[in-house]
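So the structure is just underneath, and the comments pick up after that.
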Amino acid sequence: MKTFKRGGVHPEENKLSENQPIEVLSVPKRVTILLGQNLGANSKPVVNKRDKVKVGQLIAKGEAFISANLHSPVSGTVLKIDDVPDQVGHNKAAIVIDVDGDEWVEGIVRSSEIAKDIKLSKEEIVKKIQEMGVVGLGGAAFPTHIKLMVPEGKVPNVLIINGVECEPYLTADHRLMLEKGEELLIGISILMKGLGVSKAIIGIENNKADAIHLLKELANNFLGIEVQSLKVKYPQGGEKQLIKALINREVPSGKLPLDVGCVVSNVGTAFAVYEAVQKNKPLIERVVSVTGKSVKKPSNLLVRIGTPISDLIGKVEGLPEDTGKIIGGGPMMGKTLISMNAAVVKGTSGILVMRENESSRIAVKDCIRCAKCVSVCPMGLSPYLLAIYGEQERYEDAGLEDVMDCIECGSCHYICPSGRPLLDYLRVDKVRVGEIMRNR
Amino acid sequence: MAKKESTFLNMVLTLLIITGLSSLALSGVFELTKGPIAKARKEKKERAIKAVLPEFDTMLLKMVMPETGKDSLEFITAYEDSLWVGTAISTYTYKGYSGLIKLMVGLLPDGCIERIAVLEQKETPGLGTKIADEKFKHQFIGKDPAKYILKVKKDGGDVDAITAATISSRAYCEAVQRAYDAFKRDGGNK
Amino acid sequence: MPISKDAITHPGIIHEVGSERIYVKILSQSACSACHAKGACSVSDLEEKLIDVKIPSGKSYNVGDMVTVGMEKSLGSKAVLLGYFIPFLILLFVLITMLAISDNELLSGMLAIGLLIPYYLILYLLKDKLQKTFEFRIKE
Amino acid sequence: MDYIIIFIGAIFVSNIVLAQFLGICPFLGVSGKVSTSLGMGGAVLFVMTLATMVTWIIQKYVLDPFDIGFLQTISFILVIAALVQMVEIILKKVSPPLYQALGIFLPLITTNCAVLGVAILTIQKEHILMEAVVFAIANAIGFTLALVIFAGIREHLDLMNVPKGMRGVPIALISAGILALAFMGFANLV
Amino acid sequence: MSLLKISGSPHVHGDNSVKGVMYGVLYAMIPAILASIYFFGLDSLKVMLVSVVACLLFEYLIQKYLIKGEVTITDGSALITGVLLAFNVPSNLPVFVIIVGAFVSIVIAKMSFGGLGKNIFNPALVGRVFLLMSFPVEMTSWPIPKPLFSGKVLDAITGPTPLGILKEGLDAGKSVSELSQQLPDYITELLGNHGGSLGEVSAIALLIGAAYLLFRKIITWHIPTSYLGSVIIFSGILWLINPELYINPLFHLVTGGMILGVFFMATDMVTTPMSPKGMIIFGLGAGIITMLIRIWGAYPEGVSFAILIMNAFVPLIDKGFKPKRFGERIKNG
Amino acid sequence: MSQKKNFTKGFLKENPVFVLLLGLCPALGVTTSAFNGLGMGLATTFVLVMSNIVVSLVKSSIPDKVRIPSFIVIIASFVTIVELTMQGYLPDLYEQLGLFIPLIVVNCLVLGRAEAFASKNTLKSSVIDGLGMGLGFAMALTILGGVRELLGNGAIFGWKFIEGDGILVFILSPGAFIVFGYLVALLNKINKTT
Amino acid sequence: MSDVIIYSVITIAALGTVSAMILFFVAQQFKVIENPKIDDVEEVLPGANCGGCGYAGCRNFAEAIVKTNTLEGMNCPPGGTKVMDNVASIMGMTAEVQAPLVAVMRCSGSKANAPAKVQYDGPETCFFAHNLSAAESGCPYGCLGLADCVRACKFDAMYMDEETGLPVIIEENCVACGACVEACPRDIIELRKVGPKSKRIFVSCINEEKGGVAKKHCSVACIGCWKCEKECKFDAITIENNLAYIDFNKCTLCRKCVVVCPTNAIHELNFKPRKPKPEKKTLENEVKTDAKVVVESEKTEGKPLAKIEDEATDNDNNKE
Ligand SMILES: Cc1cc2nc3c(=O)[nH]c(=O)nc-3n(C[C@H](O)[C@H](O)[C@H](O)COP(=O)(O)O)c2cc1C
Ligand SMILES: Cc1cc2nc3c(=O)[nH]c(=O)nc-3n(C[C@H](O)[C@H](O)[C@H](O)COP(=O)(O)O)c2cc1C
Ligand SMILES: Cc1cc2nc3c(=O)[nH]c(=O)nc-3n(C[C@H](O)[C@H](O)[C@H](O)COP(=O)(O)O)c2cc1C
Ligand SMILES: Cc1cc2nc3c(=O)[nH]c(=O)nc-3n(C[C@H](O)[C@H](O)[C@H](O)CO)c2cc1C
Ligand code: SF4
Ligand code: SF4
Ligand code: SF4
Ligand code: SF4
Ligand code: FES
């Protein structure tokens, strides 16, 4: 069974919602679209306060090189364009729209009929994807069209589709693969065409046997698409690890997957690409797992971007009594939410509700040099040392110890018997080292 | 007073004067202490000789080369009223725990050990240094090395080694044996 | 200069600014550098050295500025090699050969020491080359 | 074989720093960085060898023949001080950049204590010239070994949150003590 | 509902804890504890109790009154130090001496550095070597085992350890084959019915514990393997050169503190390198130094010294042998 | 600084051994007993005071650039005088202290004081300074030797009041480092609180 | 006997001469380039090596002064004017007069004023907490209370008040080195003029949210209501992004704004206590907890925030 070699951990999987079909969440009363949803520069609003907008209408344009278009996920009136608290409570620029009906812009194909033929050319595909504001749905929300614009001198030869979903609890990708298998494969074919490669590998962890089975079967009808099952190991979904596991190439420090001839995209992204190219539909909704041990009805919901998180919680019969933590994302990489008023963004793959007794960290002690963190770090770093450097503010040293290679997977903190907040300090290191490097 | 300039001549002169003066002073002190130093050395040796031999009035020095070992041994033959009362032998071994151990072994004309004194040793304090303790030295008194095997019991000899300092004890025996062998080879008397 | 694993750096103060080079004064610290008492014992161990550095293009400096001069660490080792280790080897080699062919310790010893002179002469002749090798760079 | 004994003895068995207590000041003072302490070792190697050779020659061909051994201390220290300075001057004259490179890389070598100590010790041990040189080399290596190990330990301790009262010199000394304890395992290893 | 928590990721934690690790080691030591009680009787129990109690007490006092921090004596590490210290001394050691050893281990070698995780040298071994140097007589008179139910209740007859017999004999110029009559056979050595420190005599009991440690992944294979490997190679070569002067590798493996040291003390993660490569270097170094001391040094046993000396090298090893970074090697194709 | 303070500073606040960490080699090397420590301390004090006297007398007639070599010669002379005198009158102690007597020459304490103090101050304060520092040094060595002797041998100044051997390590080299380490920590604490 | 003397003298004199020559060359090569003034200047510097001057340490600062032979732009914040005067007299120049500054804490979001709505569970550093989310109170501008500033202060001029969870500046110790300003990830601390008799008035809030939102996080937030701006006759107060700011160069310390502020966001330090008069605007408990903060930093028995009574007496102290 394939997997990446170095490091990794295996937390309890807890895929509570894996058998829940994707449900469509009803359109909320008001949506909040952050202008900085994706990696890169903020998008520039192209609507004004009190403007009427329709579903799918362009409301902000990605003008910088790395940025993406935003489209209205609802129809209604622009209430304001102002700073509002994001998921963690910092004020960020956003467009707030009051919903009013469900009127779609023309040209969006809303039927669920599968459109197989890829009519657009390579260039048109990239342009379409850019137009439709498709960004990566695997977490970082990196604008997908940029990945397809291969710079001079680099030759991709394989597309890797990330169906790993190695985060415990989350099942959105799993459900998508089961329910939209064919669309997904068409999306992959589009991406292959856009990228100009003839081969794609879908990596799926072994705990999603049904998805592997289904996609393998469907893939027989598609040229050059291969499904590969992988041993369950976190953080296999990290692109560097996935590339290593699937095609045994190591992306060098500071380099991109493209430097070893591949591009990685999430399955959700592939589906979004399908909708964008075949159905002319911008990225205005995504699948979000709402889950947790105390959640009465763990679900996978198809929600409009900008929906308040409280709506999602409401759908699963409310916040349980003993909630100690609400996390946007999975338990290993997700961010704790400061309130439920914030909105779903393109990168939100799940909302995890943790019980009070699960949500405290264990008491922090001094490092006992057990080397567990060293052995689980998939990047071959020395987290214990980097954390001490962080604590002692020795950022230059941290930089020399390659702290910038850290993918923030959290395996080190997960395993540390002393409960040291290793990743927290590593993040401080990374920000500070970044500052130092920029000052040079 | 103004400081002297650092010219070449000044510097050399100053140093010459200082070194000249200091070496004059030193040689003066050397001359003064020469006597006491020599006396101290001699006294130390005499004390050791007296400690290992019976009463005597005259002594005679000579060097004897032992069969084993690099350096010759010093023999001090002692006479009381021109009568040979014994020989003190300054012997050594390099097999101590920290190398060199020097002993003064007093032998009676019949070859029996009169007494032994430790002249020099660098053994571990509290362990090897016990070779200078009465308790250890006592067992050699009056023994004739011809019959009394100068080896620690562990090696099949008659000597009770100091606990946890077998190495030193062994070395001690070796040094005594060396003195005795040289004494025998030298003919035992004079 | 990017963060480099192999650089040794030393803070210093600009002492003089020339047309192409600046002279940076560094404090070379002796064994006692970590000692609290270096104030009490300012023997000859706190010493200042002037280092000359080429001015990077497009920068200007003023006397009194704090700068950091740096050099690849491997160069430091190279300097130790040239300055100390090779003469040491010469010393040893000459001594051993001399003692092997003659029994005269005085002669062998003196010769071994004496042969250091040609070594340093050679170094002297290679001056220009060394100048190029041991080039300092300036940070910030 | 003798050379090997001298060599191993000086490095491990009676390490100059850990057992002989020479050069403690730089040992505690400089040993901050591993890379520089290695470089410093190279410098000490040369200086110590050179100084030992010169002082040996002075002892053997000046002090001994004229029977002025009591001037050992004063003449050795003068020679060593001058020698260390001379090396610096020569280096500076010969190649300023090289000299600068050393300056930035190494702290000055003021390990007079160790250099003088080794020079005197080798005379005390009555070494011949080659033995003296080997002794000097071995001690320089022993010094470097201690310095490098210790630089590592110091760097490591910097990472640890050592209790306030013990931070710095006290804990360094205790580590040195334990290191000396461990090195005692090499006892008699020749 | 109390306040929601906010924190950085990850939000879940593996089920490992310092306590868990430490108590794992204690469980692993149970067979050896039982074996020592069996062979050395209640004396051994006494030594262990005194040592453990003293270690815990010293740690408690220091944490409470000098460091004035959290008291963590329940984390098990002082307990391990106590047991291991006891394992490394003869069963007839006077109580005073044991207490001095515990003091050295805990106060000097551990708490002076700040406690668990910060010490550079293995505390139990520092204690042991300190005692060996300070009380050579007491520390080198080994009671002959008087198995618990064997009936003979002889009082403290002391005798040499197998390594001691070998060393003494070789020093006195005897050959290995002459000496092997005096040496216990391998079965005895494995079981432990011979003179020696409390915990080192029964190789079997220790190996059972070691297997448990490896199984629970408390220790990794790197150090034991490279340690034992270098011992085998080193002694093997000498043995092949002259079997009359140098005894066979097997003897070296099963005698003295080898098994105890290799599996329980050289693996103390606090005082050993962090990267696998570093661990292998550590093991190699320790193996070589052990054999140097055993064969040519003054002491019959060199495991403690070897581990302590390598402890001193750990910072350098950590510097020189970093874990292998991901992506250093570019492999395309 | 008042003369009194000048004299007493060497004992606690600026103790040359425990605080300034000067002259550590003899401090560790010879202190196997209180008596040895005291002997070494007094020998050093003698050299210190005498060279301070001479240096402060001749300070103005020495050109700056040969200051250090001149001082070295002066100090070395006094060291040799101590050496010779001890050999003659205290041969046993001389043997015990061995190598460390000539090494007084390189003791940074001596040179440092000559250079930093005596070469700038009057004869009187130089003497007081030398005496204070020297006695501080002697005190430190005596304490260190005393503690080591007590622990290692159960005795103080050779007066044995505990039967048996003591804890040997303390008179061996590791004991020197360890005892010294704790004494430095202790003195830091005392100096901080007073 | 005399042989020994002759040999000794010859040997040592010869060695001495050789050393002298060598050292002569040394002396020539290593001319001391140090200006003795550097030592003198260093002597009068506080020796804190705080870096407030912009140089790595006091000695570097001294060197820079001596080297450049100017005092322009040179200031030692810890030492203040006194030290710079001393330096100037060593250098034979006059020091620039620099108005003394002191750090002020511009957040009053104490545990009581801005109760926690979530609980932070992570390392004790503001920098990390700031990057992770808004404060426990929800205020994305407010103090995180994890003491980065206190740790940065080398002069024991700050401590954390356990009760309020806010750092407190001890004016007497503060040397305005700016380390805390640098350390705070939220730019809460500001260096302001000490003011006559240490009297200062400033807005103790930096929240730029709309009044209602700000008020939800914290009861003493500046809500940008313009009342103070209107009250101030000296144009010292500007309001931008819903936040008032008092320019300390224009403020005449009349204290009128303090009273009109509906949330007590404007703080006055080191004024004589006003005559207590019944309060009408704010909630009782808020005032009390707020008072705590003020008293802490004032170290006086101040009864804060009542009506204007004695502003006129302070009015003439404002020129400097
Ligand atoms: C500045 C920058 C430039 C990038 N350029 C490319 C690119 O040219 N091609 C590409 O395939 N991915 C590119 N990436 C995307 C990364 O490879 C990666 O997919 C993205 O950061 C999200 O990764 P994650 O979800 O693992 O965190 C770029 C990322 C960054 C930050
Ligand atoms: C530790 C870690 C775990 C990740 N796990 C997953 C995952 O399970 N599934 C996934 O699609 N992306 C995961 N990602 C993101 C991928 O690295 C990568 O950014 C993504 O697959 C790129 O596709 P996208 O640009 O389409 O999102 C993970 C990233 C990291 C750093
Ligand atoms: C620090 C130390 C110093 C020692 N010094 C000596 C010594 O001076 N003389 C000696 O014979 N043994 C000394 N030994 C003991 C030897 O190492 C060895 O244990 C002993 O000589 C042989 O043991 P046994 O006498 O009990 O048979 C010393 C041991 C240690 C730990
Ligand atoms: C596998 C393992 C081995 C250990 N070995 C020792 C040991 O040899 N000596 C000791 O004092 N403590 C040992 N400990 C306990 C603990 O790590 C030790 O007390 C620390 O060195 C104290 O900081 C061990 C712990 C573990 C988990
Ligand atoms: S250091 Fe970074 S990459 Fe390594 S385990 Fe920790 S979080 Fe993951
Ligand atoms: S896992 Fe934790 S205790 Fe172990 S080495 Fe890493 S930081 Fe230290
Ligand atoms: S309070 Fe701030 S400005 Fe004042 S001294 Fe402390 S760090 Fe410097
Ligand atoms: S003022 Fe700033 S640095 Fe200080 S505690 Fe508050 S947030 Fe942290
Ligand atoms: S006294 Fe300082 S190095 Fe020896």
Side-chain angles (χ1 to χ4, degrees), chain B residues 1-48 97-98 102 118-130 132-133 162-165, chain F residues 32-33 36 50-51 54-96 98 119-120 148-149 151-155 160 164-173 175:
Chain B
M1 231 192 307
K3 280 235 170 194
K4 279 259 165 41
E5 291 270 325
S6 300
T7 59
F8 185 73
L9 193 68
N10 256 346
M11 285 166 60
V12 175
L13 272 181
T14 315
L15 264 189
L16 260 181
I17 294 169
I18 289 187
T19 48
L21 283 178
S22 80
S23 46
L24 268 178
L26 281 188
S27 29
V29 176
F30 175 67
E31 293 298 334
L32 280 178
T33 53
K34 212 158 135 191
I37 292 177
K39 198 163 138 243
R41 289 218 181 107
K42 192 160 151 251
E43 266 176 6
K44 191 172 169 204
K45 195 156 167 195
E46 271 177 12
R47 241 184 293 133
Y97 186 77
S98 311
K102 269 190 177 170
V118 178
L119 295 180
E120 245 183 86
Q121 52 88 9
K122 288 174 283 182
E123 301 304 274
T124 317
L127 280 179
T129 50
K130 284 187 183 157
D133 288 1
I162 300 162
T163 333
Chain F
T32 47
S33 72
N36 286 358
M50 294 311 287
S51 46
V54 176
V55 166
S56 83
L57 282 178
V58 300
K59 61 178 181 259
S60 50
S61 29
I62 295 179
D64 240 15
K65 304 290 145 77
V66 286
R67 216 172 54 218
I68 308 254
S70 310
F71 293 170
I72 291 179
V73 173
I74 293 168
I75 294 166
S77 306
F78 284 111
V79 170
T80 311
I81 290 173
V82 169
E83 229 180 320
L84 292 171
T85 321
M86 267 197 165
Q87 246 173 336
Y89 301 99
L90 292 165
D92 290 336
L93 182 62
Y94 178 76
E95 220 157 81
Q96 292 275 320
S119 71
K120 293 183 190 136
R148 288 179 65 188
E149 191 180 359
L151 292 172
N153 212 359
K160 200 153 170 79
D165 276 343
I167 302 168
L168 269 185
V169 166
F170 286 110
I171 28 184
L172 304 176
S173 63

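The chains referred to below are lettered A, B, ... by the order of the sequence lines, with proteins before strands, and numbering in each begins at 1.
A side chain to side chain donor-acceptor pair (under 3.5 Å) check over residues 71-86 of chain F, counting only residues at least two apart or in different chains, returns the pairs S22(B)-S77(F), T73(D)-E83(F). The side chain to side chain donor-acceptor pair (under 3.5 Å) analysis of residues 37-47 of chain B, with sequence neighbours excluded, yields the pairs K44(B)-E95(F), K45(B)-E74(B).
The closest side-chain heavy-atom distance from V58(F) to I18(B) is not below 4.5 Å.
Separating the OG atom in S61(F) from the CG atom in L13(B) is a distance of 12.5 Å, to the nearest 0.5 Å. The line from CG of L84(F) to CG of L32(B) is 10.0 Å long, rounded to the nearest 0.5 Å. The CG atom of L127(B) lies 8.0 Å from the CG atom of L172(F); values are rounded to the nearest 0.5 Å.
Here the shortest heavy-atom pairing between G88(F) and A40(B) reads O-CB, 3.7 Å. When all heavy atoms of Y89(F) and T33(B) are compared, the pair lying nearest together is CE1-CG2, 4.5 Å. Closest of all the heavy-atom pairs between V73(F) and T19(B) is CG2-CG2, 3.9 Å.
Heavy atoms closer than 4.5 Å to chain F are found in the side chain of K130(B), but not in its backbone.
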